[in-house]
Amino acid sequence: MRITLPAYPPFSLPMVIRSHGWIQLAPFAGEEPYETFTYLDRLQSGRVVLLRVEPEGDGVCVTADGDLTEAEQAEVADKVRWMVGLDRDLALFYAVAQDEPKLAHVIAQARGRILRSPTLFEDTVKTILTTNTAWSGTIRMAQALVELYGEPLPGDDTRRAFPTPERLAETDVEDLRQTARLGYRAPYVGELARRVATGDLDLEALKTADLPTPALRQELLAIKGVGGYAVANLLLLLGRPDFIPIDSYAFKMVSNEFYGGAPVGPKEVEAAFARWGEWKGMAYWFWDWS
DNA sequence: GGTAGACCTGGACGC
DNA sequence: GCGTCCAGGTCTACC
């Protein structure tokens, strides 16, 4: 199967892949300098396929082994469109960024899209896995979830899909805690999986919900384990860059860039990017730090 | 509304 | 090899 998908210009697949660390989290895979990537996906039909995404023309081409049904091909196309943001129009961001030397590179390099998982469920779990741990810990925990609970690629047990909400919901929390080594995050992931699996929380609907950003933020903050940093990260992924994902990295970078190395808190980080208004999350994310 | 302490793991460090 | 300390966000209890 081979599908060609156009992108809203300007577009650069390598810049999407390099937009943050998601490419290092299973079931994503890629090799530096990250010109292309693969993703192991479980389709709604239950079929597990390895998707290879590469630049082609003004967009991307997606290939997978075997013949997919029309419905499966449509699902793959929808997912890849979402993952690399093919439909995103960044003209408004570029308009506010064009006079800022620290953001000039985003226009020149067609940056501004951020790599996403196919489901908001997966991105929310992974965001929870980024909290209160080193990046190596996030990589390890994501890998463990995939290895322990993901469905394998037929003929290759070494590659597995991200586990479904149903699979994680039926997994004992102690197993998540001690076998997957999620630590105190285990009950957060378990509860999120149960809420999504039972239909109590329709996370995927939030991807296209016509909600004002403050209301969307409240919905996400109601998820146990999602606090101020995590919700800003998720809003950024959802194309709502009104908030800055303030973590210890933000304190360090903002301190050096704007406050001469003096200790800073959330207020100082917010103040440094306040002039970017509804774009401040993007301005922070793509800032060309000194 | 603000703050302190607990949560859990892996890595760095000292012995 | 073992013990201790620390970094990393969120939650809960308390003021």
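To find a chain, count down the sequence lines: A is the first, B the second, and so on, and within it residues start at 1.
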Query raised in the report: Does A/R185 make a side-chain N or O approach to OP1 or OP2 of C/dT10 shorter than 4.0 Å?
Result: no

Report summary line: Nearest-nucleotide check on DNA chain C, A/Y188 vs A/A134; residue mapping nearer the 5' end is A/A134

Query raised in the report: What is the nucleic acid contact for A/S248, judged by heavy atoms within less than 4.0 Å: base, sugar-phosphate only, or nothing?
Result: sugar-phosphate

Query raised in the report: For A/N233 and C/dG9, what is the distance between atoms CG and P respectively, to the nearest whole Å?
Result: 11 Å

Query raised in the report: Which whole-number value in Å describes the distance from A/K267 NZ to B/dG1 P?
Result: 13 Å

Query raised in the report: Is any side-chain N or O of A/R181 closer than 4.0 Å to OP1 or OP2 of B/dC8?
Result: no

Query raised in the report: If we fit an axis to the first five pairs and another to the last five of the helix from B/dG1-C/dC15 to B/dC15-C/dG1, what angle do they make, to the nearest 10°?
Result: 30°

**Report entry** Spacing of A/L220 atom CG relative to C/dC11 atom P, expressed in whole Å
**Finding:** 12 Å

**Report entry** SB check A/K126 A/D123 (cutoff 4.0 Å)
**Finding:** no

Query raised in the report: Which part of the nucleic acid, if any, lies within contact of A/G137, taking any heavy atom under 4.0 Å across all strands shown: a base, the sugar-phosphate backbone alone, or nothing?
Result: nothing

Query raised in the report: For the residue pair A/F273 and A/W279, is the inter-centroid distance of their aromatic rings smaller than 6.0 Å?
Result: no

Query raised in the report: Which part of the nucleic acid does A/I246 contact within heavy-atom distance under 4.0 Å: base, sugar-phosphate only, or nothing?
Result: nothing

Report task. Could you tell me the separation between the CD1 atom of A/I128 and the P atom of B/dT9, rounded to a whole number of Å? Result -> 16 Å

Query raised in the report: Roughly, in whole Å, what's the span from CG in A/L129 to P in B/dG10?
Result: 13 Å

Requested in this report: Write down the distance between CD (A/Q178) and P (B/dC8), rounded to a whole number of angstrom.
Outcome: 10 Å

Requested in this report: Determine, using ring centers only, whether A/W276 and A/F93 are less than 6.0 Å apart.
Outcome: no

Requested in this report: Indicate yes or no: does A/R2 engage A/E56 in a salt bridge with an N to O separation below 4.0 Å.
Outcome: yes

Query raised in the report: Ion pair present between A/R47 and A/E72, side-chain N to carboxylate O less than 4.0 angstrom?
Result: yes

**Report entry** hbond_proxy A/Y184 side chain to C/dG9 base (donor-acceptor, 3.5 Å cutoff)
**Finding:** yes

Query raised in the report: Between atom CG in A/N132 and atom P in B/dG10, what is the gap in whole Å?
Result: 13 Å

Query raised in the report: Quick one: does NZ or CZ of A/R116 land under 6.0 Å from the six-membered ring centre of A/W22, within 45 degrees of the ring axis?
Result: no

Report summary line: Closest to the 5' end of DNA chain C, once A/K224 and A/D247 are matched to their nearest nucleotides, is A/D247

Requested in this report: Considering only NZ, NE, NH1 and NH2 on the basic side and carboxylate oxygens on the acidic side, decide whether A/R18 and A/E35 come within less than 4.0 Å.
Outcome: yes

Query raised in the report: Does a side-chain N-to-carboxylate-O contact under 4.0 Å join A/E257 and A/K102?
Result: yes

Requested in this report: Determine: side-chain N/O of A/R177 to OP1/OP2 of B/dC8, distance under 4.0 Å, yes or no.
Outcome: yes

**Report entry** Interatomic distance, A/F251 CZ vs C/dA7 C1' [rounded to whole Å]
**Finding:** 13 Å

Report task. Using a 4.0 Å heavy-atom cut-off across all strands, classify A/A230 as base, sugar-phosphate, or nothing. Result -> sugar-phosphate

